[in-house]
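Below, chains carry the letters A, B, ... as their sequence lines are ordered, and counting in each starts from 1.
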Amino acid sequence: MNELAKTYEASQHEDAIYHAWEASGFFNPDNLSRAKEPFSIAIPPPNATGTLHMGHTMFLTLQDLMTRFARMRGKKALWLPGTDHASIATQNKVEKLLAKEGKTRHDMSRDEFVGRIDDYVAQSRSTIRNQIRKMGSSCDWSRERYTLDVGLSHAVTEMFVRMYGDGLIYRGNRIVNWCPRCKSTLADDEVKYRPEKTPFYYFKYGPVVIGTARPETKFLDKTIVVHPDDGRYKELVGKEFDVEWIEGPIRAHVIADAIADKEFGTGAMTITPGHSFEDFELAGKYHLPVEKIIDENGNLTEHAGSFALRNARDSRAAIVKKLQEKNLVDHVDENYEHNLSVCYRCDTPVEPLPSLQWFIAVNKKIEKRGKSLKELASEAVSSGRITILPKRFDKIYFSWMNGLRDWCISRQIVFGHRMPVYYCEKEQGGCGEVIVSGEPPTECAKCKHTNVRHDEDTLDTWFSAALWTFSTLGWPENVEDKNGKIKKKGDLATFHPTTVMETGYDIIFFWVARMIIMSEYALHEEPFKTVYLHGLVLDENRKKMSKSREETQIDPLDMIPQYGADALRMSMLVGVTPGNDLFISKEKIAGYRNFVNKLWNVSRFILQFSHDESEKKHPLTLADRWIFSRLASTISRITNHIEAFQFSRAAEELRRFTWDEVADWYLEVAKIEKNKRQHLLRMLEHLLALWHPFTPFVTEVVYQHMRKTTHPHFISLMIHSWPSADKKMIDEKSERAFSIVQEMIRQIRNARQEHAIPPSQKIQCWFQTKNSETLIADNAEIVMRLGRIDMLKKLESDEKPHNAVFLKISDDLDVYLPLGMKPREEERGFIEKEIAMLGGLIQDINQRLTNNEFLTGAPKHILEAETKKRNDYLGKIEKLEEQLKKISNS
RNA sequence: GGAUCCAUAGCUCAGUUGGUUAGAGCGUUGCGCUUACAUCGCAAAGGUCAGAGGUUCGAGUCCUCUUGGGUCCACCA
């Protein structure tokens with residue numbers, strides 16, 4: 001057997017191990033021949049052109065852990081990888097590249113531009129794929145999907161056509177969030193708000209003074225709204241006036257509506273239906289015309305008269321100046337603060353403007369189902385079919401779903417799924433028919449005109465993402481819809497609904513909610529059983545890691561070569577609970593590198609140590625029975641924790657067992673007792689299997705090393721069965737007995753430290769016991785070696801040694817260390833303090849045990865425990881007092 | 001404005017139906033002999049669980065309020 005290196009160098013092993021895993025074929029559940037029960041996770045697809053960041057690291061770790069655990073438990077485990085085309089983000093990137101060449105997308109045809117983007121995606125997509133591999137991700141690459149590939153594009157088209165057929169997709173002229181830089185609509189949740197201090201202007205508008213932060217939208221305002229109960233304006237309601245305004249006189253009228261806030265500004269406002277969501281709704285209510293003042297470029301339209309074609313926001317000052325010259329400015333509040341709405345991708349201020357767009361009707365009842373999309377999606381969670389972890393996100397989900405408005409799905413972006421919508425255009429002599437079809441029509445079905453135009457727009461990138469759990473499993477081909485009864489087949493039947501959706505809480509609305517909507521609609525079932533929402537990865541300044549703050553960025557691609565993927569994975573797991581953010585630092589990752597090295601050295605010791613011994617099986621000692629009993633209960637707790645999604649607890653429990661029990665005690669005992677080859681190897685195999693979902697690389701390296709001599713072929717640890725907790729190994733008696741040995745050693749070490757005995761100096765140890773003599777005799781060498789004892793002597797029960805440190809190990813075991821020195825006052829004080837503390841505890845218990853309400857109210861096991869506690873404490877006090885007497889006598 | 005979460009050791013965090021003397025990692029202090037590991041070992045110090053009140057035999061845990069911090073949603077002309 002080759003020597004294992006003294007320290008584990010992750011970078012020397014990881015790539016080769018991953019390659020071997022991939023070549024083994026077991027990432028693909030089809031090759032897990034004995035597995036029956038399915039387990040599946042659809043990866044949250046990273047942007048196809050992205051690079052690995054800490055956010056990815058988090059989900060890759062958790063999902064790989066779950067997948068490996070399921071696989072080892074004998075499940076048909078599928079983790080389906082893929083990437084997202086991320087329409088706006090990707091298009092922006094390529095536009096930036098073009099800008100470097102001094103070009104814009106308008107310098108080429110649509111097809112050329114899309115071609116450029118496709119090329120860019122093709123050459124950069126392998127980057128993220130390989131980086132996913134670096135984390136050890138055991139996903140099935142044979143099933144990898146891309147949102148723009150043929151199959152998924154077909155699914156998108158099919159979904160659009162079906163929803164249109166069911167009346168759930170419609171085209172309408174509505175006010176939308178428009179990003180003048182992206183030149184596209186944005187969904188409500190793609191708009192972010194930024195606090196901003198801006199002048200708030202008060203203008204004289206006929207008989208009233210109105211307030212606004214956006215004078216540039218006000219050219220055509222001709223409706224004044226006041227609150228019906230506002231005494232100031234009571235007699236104005238219903239009247240009409242000619243008012244002098246920006247570009248000359250305007251005929252204005254006054255209406256009363258409760259929407260006007262008496263407290264805000266002057267209590268009077270004018271309505272701008274074209275550029276405010278609220279005003280748009282009001283305009284609908286009072287049948288007011290909707291005029292477009294600002295166009296898609298952010299410029300003023302012809303309605304702005306002399307200001308037409310100028311940039312709207314830039315013209316604000318000039319407009320105010322003109323009003324000032326006309327003496328229409330009442331006053332200006334310079335300290336007004338409000339939230340400016342900006343594009344979440346590019347931070348450009350959003351212009352709400354009226355536009356002809358496509359929408360999904362979320363409130364409309366679906367004829368065959370009798371329910372709306374919103375109702376279907378809410379029920380999936382309220383019925384308990386979907387569990388959201390942590391639970392508190394239920395409420396957030398419901399409140400969002402409740403307030404959801406129709407979803408604008410058309411985007412004026414060229415990169416993405418083009419909408420399957422065609423127009424038989426009147427301008428070209430057609431009939432104006434709108435055709436929605438999966439296949440491009442050759443002629444208009446109505447007027448047979450052949451000149452039909454394909455809609456230029458693409459779909460919101462979240463539309464395709466919403467289909468992800470089932471489009472990746474072969475929808476719609478893998479479905480037979482028999483009279484409204486849905487029959488799945490193939491992968492879709494096996495793996496859908498997926499078992500877990502693991503993603504960040506920041507995209508619960510963008511993505512999670514929309515997947516539920518689409519799956520409930522298309523398959524009448526939930527897309528996943530459990531949603532595990534992880535927190536965000538924050539840097540040392542408690543800021544979300546983002547590209548814009550590179551100075552605090554910790555790049556996983558630097559961390560992996562330096563500390564290893566296993567260490568990085570551990571730092572994503574331990575101390576992390578669902579829904580809570582995680583601070584990451586290099587120090588933390590380095591700490592887990594140390595831990596991985598410890599695991600390596602435990603293995604190294606076992607493999608080298610047991611190499612020298614015979615194959616013979618030896619009878620179990622107390623330490624053996626103890627450690628395997630501990631192992632059994634550890635296995636069962638860890639298994640429960642993982643099943644309950646408590647990964648941090650599982651890892652901590654396993655670390656505690658590995659480090660504090662196996663390494664610090666059992667291996668030390670092994671050095672003394674010998675003859676443990678079989679036991680140690682058995683322990684190591686269990687440890688490797690248990691650690692494998694957490695730290696797959698190091699465990700695999702060791703495992704291969706371990707079985708190399710007997711098994712020349714690579715059989716991965718990843719298909720090793722998950723250890724089961726053997727109840728027969730649970731041995732509470734041995735656990736109690738060994739804990740006495742441990743306690744004895746701990747107290748001896750403690751006393752040595754207190755009395756400044758150097759480790760090199762051996763001391764004597766005397767003990768008194770009634771029933772533990774065999775226990776001490778059997779484990780004498782362990783006590784002597786670990787306690788640095790050169791003579792272990794049993795005293796008769798009536799002997800009272802002087803000038804010796806007294807240690808109370810258990811009810812039945814007292815230890816004296818004859819350190820050849822006078823008892824010190826400190827020690828006396830120490831014992832007195834101990835007695836006082838125990839006395840206090842006993843007093844507390846006595847108070848409880850004499851309290852009638854406690855006696856009647858508390859359950860029986862609590863009463864028993866309290867009584868036992870009291871007796872224990874009393875016994876201890878008795879011994880301590882005895883000792884105090886001895887000190888005093890000496 | 002609405003909702004929600006957090007406040008526990010110097011730091012980062014666990015603590016699952018209320019029930020031992022509240023835990024871990026890192027850091028700190030002291031000591032380092034060993035058949036793996038100094039990326040290590042042994043030992044120790046360190047907390048009135050933000051504050052006030054309430055429910056209960058019993059509260060870090062449940063309720064109310066206060067203070068401080070975070071996040072989400074809605075956004076007012």
Please state whether the rings of A:W245 and A:F203 are parallel, tilted or perpendicular, taking 30° and 60° as the class boundaries. perpendicular
For A:Y8 and B:C37, what is the distance between atoms OH and C1' respectively, to the nearest whole Å? 16 Å
C1' gap between B:U66 and B:G58, integer Å: 26 Å
Provide, to the nearest angstrom, the distance between the OH atom belonging to A:Y505 and the P atom belonging to B:C73. 11 Å
Tell me, for nucleotides 54-62 of chain B in 5' to 3' order, what letter each nucleotide earns: B for a base near a protein heavy atom under 4.0 Å, S for only sugar-phosphate near one, - for neither? ---B-----
Whole angstrom is fine here: how far is it from CG in A:L573 over to P in B:U12? 21 Å
Non-neighbouring partners of A:N597 that pass side chain to side chain donor-acceptor pair (under 3.5 Å), sequence neighbours left out: none
Distance between C1' atoms of B:U8 and B:G2 (Å, rounded): 30 Å
Which dot-bracket notation, 5' to 3', represents the base pairing of RNA chain B when pairs are defined as Watson-Crick or G-U with both distances under 3.5 Å, crossing pairs as [ ], and inter-strand pairs as |? (((((((..((((.....[...)))).(((((.......))))).....(((((..]....))))))))))))....
Under 3.5 Å, which N/O atoms of the protein pair with N/O atoms of nucleotides 4-9 of chain B?
from : atom 1 : to     : atom 2 : distance (Å)
B:U4 : OP1    : A:K395 : NZ     : 3.4

Testing B:U39, B:G15, B:C73 for proximity to the side chain of A:N594, the answer is B:U39
Taking CD1 from A:I862 and C1' from B:G18, how many angstroms apart are they, rounded to a whole number? 10 Å
When rounded to the nearest Å, what value does the distance between C1' atoms of B:A22 and B:U61 take? 11 Å
The nucleotide from B:C42, B:C73, B:U39 with an atom nearest the side chain of A:F509 is B:C73
Please pick, from B:A43, B:A36, B:U20, the nucleotide with the shortest atom-to-atom distance to any side-chain atom of A:R749. B:A43
Contacts of A:K218 and A:K6 projected onto RNA chain B by closest heavy atom; the upstream (5') one is A:K6
Provide the full list of ring-ring contact (aromatic ring centres under 6.0 Å, His included) pairs with a residue in residues 648-676 of chain A, sequence neighbours left out, each pair given once. A:F595-A:W659
In chain order, what residues pass the salt bridge (charged side-chain N to carboxylate O under 4.0 Å, His left out) check against A:K395, with sequence neighbours excluded? none
Under 3.5 Å, is there a donor-acceptor pair linking the side chains of A:T270 and A:D221? yes
Does A:K262 qualify as a cation-pi partner of A:Y233, given the criterion of NZ or CZ under 6.0 Å from the six-membered ring centre and within 45 degrees of its axis? no
When you compare B:A45 with B:U55, how far apart are their C1' atoms, in angstrom units rounded to a whole number? 38 Å
Considering only atom P, compute the distance from B:G69 to B:G54 and round it to an integer number of Å. 28 Å
Please report the distance separating the P of B:C65 from the corresponding atom of B:C5, rounded so that it comes out in whole Å. 13 Å
Check: A:Y592 ring centroid to A:Y563 ring centroid under 6.0 Å: no
Going by the rule salt bridge (charged side-chain N to carboxylate O under 4.0 Å, His left out), which residues pair with A:D581 if we only count those two or more places apart in sequence or in a different chain? none
Can a donor-acceptor pair under 3.5 Å be found between the side-chain atoms of A:E278 and the base atoms of B:A74? no
Residues A:E9 and A:T7: side-chain donor-acceptor under 3.5 angstrom: yes
Provide the distance between the two C1' atoms, one in B:G41 and one in B:C33, to the nearest whole Å. 11 Å
Between A:R593 and A:E587, is there a side-chain N and carboxylate O pair less than 4.0 Å apart? no
Could you list the residues that satisfy salt bridge (charged side-chain N to carboxylate O under 4.0 Å, His left out) with A:R392, not counting sequence neighbours? none
Is the shortest distance from a Lys or Arg side-chain nitrogen in A:K391 or A:D394 to a carboxylate oxygen in the other one below 4.0 Å? no
Testing B:U20, B:U34, B:U39 for proximity to the side chain of A:K671, the answer is B:U34
Counting the benzene-type ring for Trp, do A:Y532 and A:F647 have ring centres under 6.0 Å apart? yes
Sequence neighbours excluded, which residues qualify as side-chain contact (heavy atoms from CB on, under 4.5 Å) partners of A:H338? A:E196, A:T198, A:Y336
Sequence neighbours left out, what passes salt bridge (charged side-chain N to carboxylate O under 4.0 Å, His left out) with A:K598? Give chain and number order. none
Can a donor-acceptor pair under 3.5 Å be found between the side-chain atoms of A:K598 and the base atoms of B:C37? yes
Check the distance between B:A43's P and A:D660's CG and give it to me in whole angstrom. 10 Å
Spacing of the C1' atoms in B:G10 and B:U4 (rounded, Å): 30 Å
Within residues 848-859 of chain A or reaching into it, pairs that qualify as side chain to side chain donor-acceptor pair (under 3.5 Å) - sequence neighbours excluded: A:R848-A:E866
How long is the line joining CZ of A:R214 and P of B:C76, in whole Å? 10 Å
Identify the pairs formed between an N or O of the protein and an N or O of nucleotides 27-33 of chain B at a distance under 3.5 Å, and give each distance.
from  : atom 1 : to     : atom 2 : distance (Å)
B:G30 : N2     : A:Q753 : OE1    : 3.4
B:G30 : N2     : A:Q753 : NE2    : 2.8
B:G30 : N3     : A:Q753 : NE2    : 3.3
B:C33 : O2     : A:R788 : NE     : 2.9
B:C33 : O2     : A:R788 : NH1    : 2.7
B:C33 : O2     : A:R788 : NH2    : 3.1

Look at the side chain of A:N339 against the base of B:C75 and say whether a donor-acceptor pair falls under 3.5 Å; ignore hydrogens and angles. yes
